[in-house]
Each structure stands twice: as structure tokens, then as C-alpha cells.
Engineer: 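Here's a structure for you.
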Amino acid sequence: MLSRRTLVLSGVTAAAAGAAAYGFWPRLGRYQEEVARQRQLLSADPTLEALIGLATLAANGHNTQPWRFRLNQAGVEILPDFSRRTAVVDPDDHHLYVSLGCASENLVIAAEAAGRAAALQIQGGPEPRIDIALRPGPARETSLYQAIPLRQSTRSVFDGRPVSSEDIELLRIAAEEEGVAVLFFSDESDLEAILEFVVEGNSAQMDDPAFIAELRDWLRFSPNHALESGDGLFSACSGNPVVPQWIGGAMFDAFFTKASENDKYRDQVRSSAGVAVFVGDRADPEHWIKVGRSFQRFALQATALGIRNAHLNMPIEVPAIRPQFADWLGMPDSRPDLIIRFGRAPALPMSLRRPVSEILV
Ligand SMILES: Cc1cc2nc3c(=O)[nH]c(=O)nc-3n(C[C@H](O)[C@H](O)[C@H](O)COP(=O)(O)O)c2cc1C
């Protein structure tokens, strides 16, 4: 009879062989074609659907794309799609509303490029939504607009080079939003202190089977699976090998460990130029949307400057650690919203989105 150890080893060997046979990022052809098709700037006289397409290229938690869009006489409404919530990592829909804020910012910037002035209003109530009224205005193709198709979350080790204080000032200006504070850290001692919170948060998440199961559900190991769903976290976008879905699952179960993940985050933080922390004045959907708008502009400005960014949200996702992190920030009464590292690195493959026709109501 095979021992458990032999079984595990043979599973891993099969997975490794599969990965080798498949190559590291092979057969991305059709995947890359679809990425290129989705990631285009507007053509002349664009439709509202084309603006919505650019809105969906925004950052969003686990790439669940938790939004719906409705056209009305004045413009566009962005609504939450609770069927795409991530109940374990985001039980109060914080990330969901931040994601809506990110998409709304892309839409406003794209509308401006198309010669439409956008007036954005956050509607409260039991299902908060974002109303964007559009009317003719001067066309402005800003560098943030140009960056929309190029922005990505880059989950690789960065090259360790610093970012100049001039560039940090541009990031700070881009992220300015009433009701949101953005704190920048680049001293080694601060980054090490943040890393400790990250390791503590990651360790808690890795010990939580529900967190792992939810994450695994959104992982896409093969280009075909990523293309079929048009959502989720595709391996190549995190710098991981591309393999058939079943092998990917086995590799994930074998290699995704607390120790390896913590080592990865140590390398990632220590190779970053700095960390930006976003903190809304209040912990409610209105402020989470504002945080999303602020973060999306930060990420677009970073992209325009050739600066990469990636999330390190574990200390704010684990409820037991979040207040300690707020204390460390010197903001004990606040709920910190996002922790973002930045620096320089080559691009990774871009993520996919679902077609606009699927998200229009
Ligand atoms: C509110 C929010 C929370 C996120 N949390 C994480 C995170 O904890 N770890 C991570 O690697 N990426 C995180 N992301 C990044 C998303 O996974 C990413 O935006 C999504 O997969 C789409 O990929 P893209 O940003 O490259 O377009 C987060 C994004 C948002 C908006």
C-alpha cells in the first residue's frame, strides 16, 4: 500500500512534471490576444459601453469584478454585485466598495478623454451605488488616461531601487481625495515594521481553511480556464507557472505554505521602494469608494511614471491585527483601508475581464 508521504510526493512529482511539460508561461497566445483586445484606449466617438470597458480594467479584490453597470438618461450607474462578494476575506464588503470606487475613477478619467465632463455622486442606502452624470466637456487625454490599459498589480520581487521624492510627490498629489489620508513610508525601519504586520496577518490567513478555500476558488491556473471565466487570479499574473487547472490545484495544495508565503512577502517588501497606506476618515461604503478612487489614481500615476505597485492588505484584512496596525500608524481610531508597496520591476502578464455585455443590467 502506498504511504501518505509517497502519495503526496507522487502528486507533487506529477505536478512538477506537468509544469515542466507545459513550460513556464506557454501557450499564452490566445490569452494574450484577448488581453490586447480588451486593453485598448478609446476610438473616436466612443459608446458608453466602451467607457464601461475601460472602467472594468480597474483594480478589484481577487479580480471578482463585483460590479454591474446601468445606463440611464444622465449617464452611468455602478452597482454592487453581491453574488461576487468574498465573504471570508471581506465580510463587510469593504473591498467590494473600494473596487467600485476604482472602477468609477477609471470611468471618470475615460469620459474626460472622450470629451464628457463627469459628475460623480455616491448614493447611500442599503445598497450604495455610484451615479456618474455625463455631459459634453473639453476632451483631455491625460497621462492617467493613457495608463488605464497598462496598470496592473505586480506581485513580483521589485528591483530595490528607490523612488525619487519628486515622483512620490506626484503619487501623493494624484491620490489626493477629500476624506482620505495617504501615508508614505520608505525608511527601512518602517518597512520592516510593516513587514512584521504583513507576516502576522499572512500567518493568520494561512491558518484559516475558509480563507484558503475562498482564495483557491478564484485561482485560474490555465489560460483556458482564465479565458472561460474572464475573472479570477490567473497564475501568470502573479509570476507563477501556468499549468492545467487540476495540476495547478495539486501544486497549490502542496507548495502554498505559510513559510513559503511569508518568505515571499519578506523578499517583496525588502525589494520595494516604499509603502503607501490609505486611510478613510470613516469606515463606511462612501469612504471605501473614496479610497478606491484615490488608490486608482495613485496606481495610474505610478504606471505613468514606470512605477509598479501591489497590495499587502493582510494586516487590515485580519480583524485582530487591524487595530494594532492603526495604533502603529498613530491613528488608533481609524480603520486603515489599503496597504500598497511600490517600486520598479518588469511587467507581468495582464489580467482579463468579463465582457461588458455580461455586466450591463
Ligand atoms: C480592495 C482591493 C483589495 C485587494 N487585495 C489584494 C491582496 O490582498 N493581495 C493581492 O495580491 N492583490 C490584491 N488586490 C489586487 C487585485 O487582486 C487585482 O486588482 C485584480 O486581481 C486585478 O488585477 P490587476 O490589478 O492587475 O488589473 C486588491 C485590489 C483591491 C481593489
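The structure displayed is predicted, hence computed values, not measured ones. When a residue number appears, it is its place in the shown sequence, counting from 1.
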Engineer: Let me confirm one number: the NE2-CZ distance from H287 to F278, rounded to the nearest 0.5 Å.
Structural biologist: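 If I round to the nearest 0.5 Å, the distance is 15.0 Å.
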
Engineer: Among V277, V198, N202, V199, which one satisfies side-chain contact (heavy atoms from CB on, under 4.5 Å) with P315?
Structural biologist: V198

Engineer: Out of curiosity, does L51 fall in the hydrophobic cluster containing L41 (side-chain heavy atoms, cut-off under 4.5 Å, transitive links)?
Structural biologist: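 In one cluster: yes.
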
Engineer: Between the side chain of S294 and the main-chain N/O of K290, is any donor-acceptor distance below 3.5 Å?
Structural biologist: no

Engineer: Under 3.5 Å, side chain of D231 to main-chain N/O of T64, donor-acceptor pair present?
Structural biologist: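 No, because the side chain of D231 does not come within donor-acceptor range (under 3.5 Å) of the backbone of T64.
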
Engineer: Quick one: do R30 and E34 satisfy salt bridge (Lys or Arg N to Asp or Glu O under 4.0 Å)? Show the steps, please.
Structural biologist: CA-CA 6 Å; R30 205 158 67 79; E34 182 56 17; over 6 Å; no

Engineer: Measure from the ring center of F234 to the ring center of Y31 and say whether it is less than 6.0 Å.
Structural biologist: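 So the answer is yes for these two rings.
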
Engineer: Without hydrogens or angle criteria, can the side chains of N313 and H311 be said to hold a donor-acceptor pair below 3.5 Å?
Structural biologist: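 Result is yes, a qualifying pair exists.
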
Engineer: Looking at R266 and D263, is there a salt bridge between them, counting it only when a charged N and a carboxylate O are closer than 4.0 Å?
Structural biologist: yes

Engineer: Mind jotting down which residue pairs meet the salt bridge (charged side-chain N to carboxylate O under 4.0 Å, His left out) criterion with at least one end in residues 291-307? Sequence neighbours excluded, please.
Structural biologist: E105-R293, E105-R297, E177-R297

Engineer: Run the salt bridge (Lys or Arg N to Asp or Glu O under 4.0 Å) test on D93 and R85 for me, step by step, so that the C-alpha distance in whole Å, both residues' side-chain angles and the decisive distance to 0.1 Å come before the verdict.
Structural biologist: CA-CA 7 Å; D93 295 320; R85 60 197 297 268; 2.8 Å; yes

Engineer: Would you mind listing every side-chain hydrogen bond (donor to acceptor under 3.5 Å, both in side chains) that reaches into residues 42-54, with sequence neighbours excluded?
Structural biologist: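 The answer is none; no pair qualifies.
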
Engineer: Would you list the pairs meeting salt bridge (charged side-chain N to carboxylate O under 4.0 Å, His left out) in which at least one residue belongs to residues 53-71, sequence neighbours left out?
Structural biologist: R68-D81, R70-E77

Engineer: Fit a plane to each ring of F82 and Y97, take the angle between them on a 0 to 90° scale, and name the class: parallel (under 30°), tilted (30 to 60°) or perpendicular (over 60°).
Structural biologist: perpendicular

Engineer: Side chains of R151 and N309: do they bring a donor and an acceptor to under 3.5 Å?
Structural biologist: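 Side-chain D/A pair, R151 to N309: absent.
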
